[in-house]
Structure formats: C-alpha cells, structure tokens
Amino acid sequence: MSFVLIIVTADVQAYEQITRRIFAQNDFIAKYRSLITLDRVKSGSEIVIP
C-alpha cells in the first residue's frame, strides 16, 4: 500500500463521484481499492500509549 486516504462523504453516491474524479479518471493511478466503514470506531489521530 502506498498511502491511505480517509474520505468522509454524505452518502455512497457522493463517495463514488469523488473517487471517480480523483482516481478512476487519473492516468497516473494504475489501481486503487476502497475499504468502506459504516460506523465510526475512532475519531482523531492521536495514539494513547499507556
């Protein structure tokens, strides 16, 4: 995996539109994969180390 991009959209249709614009129509991107979550488990980027 080269990078992870987190995209938050209002619905699946909005997600599909933005991924087509950013990835599918870009000649420099050979392949991409989507992993969709339906529920937020964690919010924020901080990591708690006890």
Side-chain angles (χ1 to χ4, degrees):
M1 195 175 300
S2 297
F3 66 92
V4 175
L5 179 64
I6 299 172
I7 300 173
V8 179
T9 60
D11 53 29
V12 175
Q13 289 80 16
Y15 176 78
E16 184 178 1
Q17 288 175 354
I18 197 166
T19 54
R20 283 185 187 203
R21 184 170 48 99
I22 293 174
F23 304 121
Q25 297 175 353
N26 189 327
D27 293 335
F28 296 107
I29 297 177
K31 180 171 121 179
Y32 70 95
R33 170 172 76 153
S34 295
L35 302 171
I36 298 174
T37 60
L38 300 176
D39 192 17
R40 183 180 297 187
V41 175
K42 181 178 181 202
S43 178
S45 60
E46 60 275 346
I47 299 172
V48 178
I49 302 173

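Along the sequence shown, residues carry numbers from 1.
- The distance from atom CG of Asp11 to atom CD of Glu16, rounded to the nearest 0.5 Å, is 10.5 Å.
- Here Ile7 contributes atom CD1 and Leu5 contributes atom CG; the two are 4.5 Å apart, rounded to the nearest 0.5 Å.
- In plain terms, the two heavy atoms of Ala14 and Ala10 that are nearest each other are CB-N, 4.5 Å.
- Taken from CZ in Arg21 to OG1 in Thr19, the straight-line distance is 10.0 Å, to the nearest 0.5 Å.
- By the 4.5 Å heavy-atom criterion applied to side chains, Tyr15 and Ser34 are counted as neighbours.
- Nearest heavy-atom pair, Ile22 versus Ile29, reported as atom, atom and distance to 0.1 Å: O-CD1, 3.8 Å.
- Atom OH of Tyr32 sits about 10.5 Å away from atom CG of Asn26, to the nearest 0.5 Å.
- Follow the hydrophobic side-chain contacts under 4.5 Å out from Val8 and you never reach Val12; the two are in separate clusters.
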